[in-house]
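First up is the structure itself, then whatever we jot down about it.
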Amino acid sequence: MPMPAQNLEKHLGTRPEGARDEREAATRVREMFGRIVPRYDFLNHFLSFSLDRVWRRRTARRFLRVLRRPDALILDLCCGTGDLAFALDRARGNSSARRTPIVGADFVEPMLDRAREKTRRNKRHAVFAAADALRLPFPDATFDLVTSAFGFRNLANYEQGLGEIARVLKQGGEVGILEFSEPARGPMAGVFRFYFKNILPRVGGAISGDSEAYAYLPGSVAKFPSPQELATLMRAAGFAAVSIAPWNFGSVMLHSAKRI
């Protein structure tokens with residue numbers, strides 16, 4: 001069933017507290033994530049009980065058919081410090097060095113600096129470039145696969161972001177968006193909300209030294225489109241065969257689809 005227009009209008013993009021428009025929202029997000037880089041990887045693993053590693057590996061396995069094609073061009077969008085890009089590279093197997101590097105893109109430069117350090121240290125086959133997900137610097141129909149893990153939610157305009165993904169994907173190319181979601185029902189829904197709204201912000205803020213960034217996280221998830229709403233936005237942007245895989249009692253969702 002199509003989503004009512006009024007519901008679509010509520011989910012234009014992220015709006016950190018105090019941001020009045022898309023430009024201010026993007027600036028606030030860039031500044032927040034730039035500040036938390038030193039403890040970012042540790043907190044991702046610590047606060048998720050290292051399940052974030054599992055979710056990224058499962059995402060990579062979902063796209064093995066594309067990843068193991070020797071000619072495939074792959075973009076990891078809102079890549080942060082590169083963990084999903086590295087999971088994609090590992091999934092390609094021992095022959096990955098003979099293939100085109102995974103391309104990671106993000107608009108937070110300190111994140112990219114950390115991703116490049118990890119690339120050198122772990123000898124991964126990936127390159128990282130500064131790019132705004134709403135205005136990607138890549139030609140039309142460039143990539144065979146575009147992924148994003150826990151970063152799409154931070155875009156200031158979801159429809160524009162999906163439009164850019166569709167633009168840079170080849171016809172028949174695939175997309176995978178891994179994101180948090182609030183469980184709608186079930187015994188874990190209350191547990192998730194309590195942890196996400198009360199424990200995670202306090203622990204994350206204390207360890208990172210940035211309470212604003214970790215107070216932003218639960219609010220951004222609560223305001224993010226529901227799985228069905230995001231699927232509707234994806235279809236409107238030119239994607240077909242949209243599927244939704246719920247993990248971790250529905251608190252994490254992988255949306256995958258093909259470019260028409």
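Everything quoted here is computed from the prediction, not taken from an experiment.
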Could you state the interatomic distance from [atom1] ([X]) to [atom2] ([Y]), rounded to the nearest 0.5 Å?
| X | Y | atom1 | atom2 | result |
| --- | --- | --- | --- | --- |
| Leu136 | Phe107 | CG | CZ | 12.0 Å |
| Leu230 | Arg235 | CG | CZ | 10.0 Å |
| Ile165 | Leu134 | CD1 | CG | 10.0 Å |
| Ile102 | Arg124 | CD1 | CZ | 9.5 Å |
| Ile74 | Arg92 | CD1 | CZ | 5.0 Å |
| Tyr214 | Ile199 | OH | CD1 | 16.0 Å |

Would a hydrophobic clustering, with Ile, Leu, Val, Met, Phe, Trp and Tyr connected at side-chain separations under 4.5 Å, put [X] with [Y]?
| X | Y | result |
| --- | --- | --- |
| Met32 | Phe224 | no |
| Leu169 | Ile260 | no |
| Phe239 | Leu75 | yes |
| Ile244 | Phe249 | no |
| Val168 | Leu155 | yes |

Original post:
For Leu47 and Tyr195, what are the C-alpha separation, side-chain angles and deciding distance, and is it a side-chain contact (heavy atoms from CB on, under 4.5 Å)?
Top reply: CA-CA 10 Å; Leu47 293 172; Tyr195 175 75; 3.8 Å; yes

Subject >> Evaluation steps, side-chain contact (heavy atoms from CB on, under 4.5 Å), between Arg153 and Ile177 >> reply: CA-CA 9 Å; Arg153 182 187 71 256; Ile177 298 175; over 6 Å; no

Any donor and acceptor pair, going by atom type alone, linking the side chain of [X] with main-chain N or O of [Y] inside 3.5 Å?
| X | Y | answer |
| --- | --- | --- |
| His125 | Arg99 | yes |
| Glu179 | Gly151 | yes |
| Asn157 | Gly13 | no |
| His255 | Pro227 | yes |
| Lys197 | Pro218 | no |
| Arg15 | Ala156 | yes |

Original post:
Is any NZ, NE, NH1 or NH2 atom of the basic residue among Arg39 and Asp210 found under 4.0 Å from an Asp or Glu carboxylate oxygen of the other?
Top reply: no

Are [X] and [Y] packed together at the side-chain level, in the sense that at least one heavy-atom pair is separated by less than 4.5 angstrom?
| X | Y | value |
| --- | --- | --- |
| Val252 | Arg58 | no |
| Leu51 | Trp247 | no |
| Glu17 | Glu212 | no |
| Asp89 | Pro101 | no |
| Thr14 | Lys223 | no |
| Phe196 | Leu217 | yes |
| Asp83 | Arg53 | no |
| Cys78 | Asn154 | no |

Tell me the closest heavy-atom pair linking [X] and [Y], and the distance in Å.
| X | Y | value |
| --- | --- | --- |
| Pro225 | Leu233 | CG-CD1, 4.1 Å |
| Leu112 | Cys79 | CD2-SG, 3.8 Å |
| Ala257 | Val242 | CB-CG2, 3.7 Å |
| Ser256 | Ser243 | OG-OG, 2.6 Å |
| Leu162 | Ala237 | CB-CB, 3.8 Å |
| Met253 | Gly250 | CE-O, 3.5 Å |

**OP:** Pick out which of Leu67, Leu178, Leu254 makes a side chain to side chain contact (heavy atoms under 4.5 Å, CB included) with Arg62.
**Re:** Leu254

**OP:** Would you verify whether the NZ or CZ of Arg116 falls within 45 degrees of the ring axis of Phe128 while also being under 6.0 Å from that six-membered ring's centre?
**Re:** no

**OP:** Go through the structure and list residues passing ring pair (Phe, Tyr, Trp, His ring centres under 6.0 Å) with Tyr40, not counting sequence neighbours.
**Re:** none

Original post:
Should Arg114 and Glu117 be marked as a salt bridge (Lys or Arg N to Asp or Glu O under 4.0 Å) after you check the CA-CA gap, both sets of side-chain angles, and the distance that decides it?
Top reply: CA-CA 5 Å; Arg114 180 61 58 88; Glu117 290 173 11; 3.5 Å; yes

Original post:
In this structure, which one of Phe192, Phe152, Phe150 forms a ring-ring contact (aromatic ring centres under 6.0 Å, His included) with Phe180?
Top reply: Phe150

Original post:
Hey, mind stepping through Ser148 and Val175 against side-chain contact (heavy atoms from CB on, under 4.5 Å) and telling me if it holds?
Top reply: CA-CA 8 Å; Ser148 181; Val175 60; over 6 Å; no

Subject >> Sequence neighbours excluded, every pair satisfying salt bridge (charged side-chain N to carboxylate O under 4.0 Å, His left out) that has a member inside residues 246-260 >> reply: none

Original post:
So Phe33 and Tyr216, side-chain contact (heavy atoms from CB on, under 4.5 Å) or not? Walk me through it.
Top reply: CA-CA 11 Å; Phe33 281 91; Tyr216 160 80; 4.3 Å; yes

**OP:** Please indicate whether Arg69 has more than 12 foreign heavy atoms, meaning atoms of other residues, nucleotides or ligands, lying under 6.0 Å from its CZ.
**Re:** yes

